[in-house]
2 protein chains.
Amino acid sequence: MRRQAPVRTTRPTSRDVAAAADVSVATVSYVMNGRTDRRIPDITRDRVLEAAHKLGYVPDRSARMLRRRSTEQVCLVIGGFGVPVLDQMAASLHEVGDRHGFGLITMVVNSPSSARRGIDRLRERVADGVVLAGGLHHVGAAGLDDLVSADIPMMVLSNSAPADGFDVYREPETDAVRDAVDHLVRTGRRSIAYLGHEREVAEFHAGRPVDSDRFAGFVDALESHGLPVRPDLVVPGADGRAEGYRAAAAVLGLPEPPDAIISASSRAAVSAIWAARDLGLTVPSDVAVVGAGTIPEAQVTRPTLSTMGPDDGADFSDAAEMLFDRILHPRHGDWREISRPWTFTARGST
Amino acid sequence: MRRQAPVRTTRPTSRDVAAAADVSVATVSYVMNGRTDRRIPDITRDRVLEAAHKLGYVPDRSARMLRRRSTEQVCLVIGGFGVPVLDQMAASLHEVGDRHGFGLITMVVNSPSSARRGIDRLRERVADGVVLAGGLHHVGAAGLDDLVSADIPMMVLSNSAPADGFDVYREPETDAVRDAVDHLVRTGRRSIAYLGHEREVAEFHAGRPVDSDRFAGFVDALESHGLPVRPDLVVPGADGRAEGYRAAAAVLGLPEPPDAIISASSRAAVSAIWAARDLGLTVPSDVAVVGAGTIPEAQVTRPTLSTMGPDDGADFSDAAEMLFDRILHPRHGDWREISRPWTFTARGST
DNA sequence: CTGTTAGCGCATTCAC
DNA sequence: GTGAATGCGCTAACAG
């Protein structure tokens with residue numbers, strides 16, 4: 001049974017409802033928005049509601065946006081999908097956004113050109129607030145300035161960006177990495193491999209400064225123990241499970257394999273445990289493994305996975321709340337920081 | 001160095017640009033939209049562009065939306081985050097959306113009330129098109145009707161919903177499941193466990209009809225081999241890695257453990273392999289494992305993971321293209337279906 | 001308590 | 001080739 005094509009009459013507007021309920025458009029607006037500062041008698045209210053329902057009236061967001069000069073949407077900028085921590089961020093934004101009647105739009109920034117497009121779109125005011133959780137590198141300082149000068153409330157996830165023009169969310173990882181390395185050295189490890197993200201590793205091997213709290217902490221900690229940073233043990237592989245497996249298998253197959261692996265993502269760390277076991281190695285006696293980030297899986301692997309991460313797991317409601325606070329109560333200056341230092345938790349894999 | 005708070009002068013409008021360039025707002029509009037049907041001399045064009053740049057003019061989307069009666073955004077409705085296949089969908093939508101100048105908004109539907117809110121918001125025309133990839137159960141038939149009567153182009157991912165009022169994307173899994181079961185039985189398996197999604201399993205145990213192609217195929221295949229469906233081997237655990245591990249460990253610890261496990265997600269299947277190994281079992285000789293869905297990891301596990309899935313992996317550009325086709329060339333009736341039947345690929349784990 | 005009015009910023013007729 | 005005028009649908013002043 002094929003459904004009838006709707007009779008393409010134009011959809012009803014507030015004027016139509018006003019006419020049907022025999023009130024003014026203003027009253028319709030007040031009723032539809034449930035405004036309590038306007039005293040509308042229940043009789044009138046019901047008449048409007050009934051007319052709206054009968055006509056199938058639904059307010060038009062575009063018009064509301066234009067008039068209110070607010071979109072009631074926030075934008076989450078990420079570098080790509082499949083990263084657990086960003087799923088958490090998105091979930092938190094959805095959750096607190098719902099409470100405020102806000103929707104979420106996502107934007108993927110994985111190249112300079114997509115960064116340019118994204119910034120332009122943001123400047124067109126598609127959203128009342130932004131969480132910059134990825135692609136920061138492609139956005140760059142100039143892009144950040146564009147966003148700041150567009151005067152749009154923003155929260156940036158970064159350990160290095162100054163809180164100037166926006167709020168920032170930091171997860172200082174240095175101490176956790178140092179603790180992890182200390183722990184590994186104390187238990188007799190001498191050659192520690194680093195499974196990093198593409199960027200980190202590329203910059204390191206190119207001899208450029210590496211903008212990574214985590215990697216810097218790793219290098220510092222090694223040096224403070226008088227241990228060398230072996231370039232052949234700094235490899236990419238943290239960006240996915242398959243990548244992690246291959247990278248771990250590769251370093252463990254080296255003539256002088258590491259006796260410990262620190263991975264910049266916990267999901268790659270899990271893969272590293274697999275790889276070790278598949279090579280006939282025992283974790284942790286032959287090789288220790290440490291992951292970065294909180295994933296539930298860490299508790300069910302054998303051995304359980306030692307991790308570095310924020311104490312209270314991955315929940316970003318505080319970041320979301322802060323963004324909405326700034327959207328709802330705009331003020332300039334007074335930029336805030338949230339800091340959630342990571343700690344090292346030794347479990348079975350070390 | 002603290003950045004100056006911007007002088008909160010109102011942002012420039014096309015009128016301001018027109019004045020600065022000494023042209024009319026119409027000309028500004030034509031230039032900004034790069035319209036080729038209007039012949040604008042380069043001199044004029046450059047003057048407008050220069051004025052726009054100097055004033056920092058950026059067109060306002062809300063106004064454009066209202067006037068054009070289109071938002072140039074599509075909406076992806078999902079049931080939650082962390083599902084690889086949805087990441088693929090989001091990536092595809094972003095990709096082809098970018099080509100058409102469209103943005104993406106996401107919506108999480110994980111309860112009847114969030115479904116209601118989502119539908120209402122969609123009816124407010126926050127997006128020109130919708131991909132319903134999750135939460136379909138909470139939306140329900142009535143919700144679908146609301147969306148259809150709102151006359152908004154839509155693509156629904158479902159194996160059961162009729163293509164009536166919207167396009168549908170199907171992934172028939174029955175044949176693949178049958179092939180998997182056939183393969184398992186042929187290689188001597190007699191008790192096959194099913195790691196399912198929460199809903200599937202709950203409905204099964206409640207004795208209600210299970211709206212799952214995959215599960216139905218599983219039951220049919222077992223029966224055609226004269227094998228019973230053991231209720232104690234139909235367990236939830238496909239919704240996550242940790243869940244999968246626990247569920248697999250539990251069934252494998254049963255007095256009469258299964259000799260094969262079919263998991264409704266490949267990531268839980270990977271966990272099942274872990275669990276088996278941790279219990280001292282060998283895969284596949286002691287227990288075979290099959291996963292549903294394409295993940296790169298399947299190739300690096302030991303043994304490699306036998307999976308059921310679409311032949312060409314997880315790519316939804318065809319779905320995205322179809323949605324945009326309907327948005328850009330609206331027509332009623334003629335609802336289309338894309339079907340990507342799953343096949344079974346035997347690898348090391350069977 | 002409710003109606004009238006005036007835009008929000010833009011894209012699009014229709015004159016010239 | 002360009003400009004003046006109109007209105008998308010709604011909300012917020014301001015009257016009454």
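Treat the numbers as computed from the prediction; the structure is a model and nothing was measured.
If B:R69 and B:T44 are placed on DNA chain D by their nearest nucleotide, the residue sitting closer to the 5' end is B:T44. Both B:R68 and B:T27 lie close to DNA chain D; mapped to their nearest nucleotides by heavy-atom distance, the more 5′-ward contact belongs to B:T27.
Summarising the geometry, the separation between CG on B:D60 and P on C:dC8 is reported as 12 Å, rounded to the nearest angstrom. The separation between B:D16 atom CG and C:dC8 atom P is 11 Å, rounded to whole Å. The CG atom of B:D22 sits 12 Å away from the P atom of D:dT2 (whole-angstrom rounding). Atom CE of B:M32 and atom C1' of C:dG9 are 13 Å apart (whole Å). D:dC8 atom P lies 13 Å from atom CG of A:L66, rounded to whole Å. When rounded to the nearest whole Å, the span between CZ of B:R15 and P of D:dA4 equals 12 Å. Between the CZ atom of B:R61 and the C1' atom of D:dC8 there is a distance of 17 Å, given to the nearest Å. The distance from atom OH of A:Y30 to atom P of C:dG3 is 11 Å, rounded to the nearest whole Å.
Here A:V28 lies out of heavy-atom contact (under 4.0 Å) with every strand. Residue B:S29 is in base contact, counting any heavy-atom pair closer than 4.0 Å across all strands shown. Across all strands shown, A:R35 has heavy atoms under 4.0 Å from sugar-phosphate atoms exclusively, and none from any base. Within the 4.0 angstrom heavy-atom criterion, no nucleotide atom of any strand lies near B:S62.
A donor-acceptor pair under 3.5 Å is formed between the side chain of A:D60 and the backbone N or O of A:S62. Looking only at distances, no side-chain donor or acceptor of A:D128 sits under 3.5 Å from a matching main-chain atom of A:S70.
Minimum atom distance to the side chain of A:R39 is reached by C:dC1, of the listed C:dC1, D:dA12, C:dC10. Comparing D:dA12, D:dT2, C:dT2 by their closest approach to the side chain of B:P41 singles out D:dT2. Taking the side chain of B:R64 as heavy atoms from C-beta on, and the options D:dC10, C:dT5, C:dC10, the nearest nucleotide is C:dC10. Nearest nucleotide to the A:R67 side chain, out of D:dG3, D:dC10, D:dT6: D:dC10. Picking from D:dT2, C:dA11, C:dG9 the nucleotide with the shortest atom distance to the side chain of B:I40 gives D:dT2. Comparing C:dC10, D:dC10, C:dG3 against the side chain of A:A26 picks out C:dG3 as the nearest.
Ionic pairing of B:D315 and B:R340 is not present here: no N-O contact between side-chain nitrogen and carboxylate oxygen is shorter than 4.0 angstrom. Between A:E72 and A:R64, at least one side-chain nitrogen of the basic residue sits less than 4.0 Å from a carboxylate oxygen of the acidic one, meeting the salt-bridge criterion.
For D:dG9, the OP1/OP2 oxygens have no side-chain nitrogen or oxygen of A:T13 closer than 4.0 Å. Contact check, B:S14 against C:dC10: a side-chain N or O comes under 4.0 Å of OP1 or OP2.
Classification of the B:F324-B:H100 ring pair by plane angle, with boundaries at 30° and 60°, yields parallel.
The two residues A:R121 and B:T71 come nearest to each other via the heavy atoms NH2-O, 4.3 Å.
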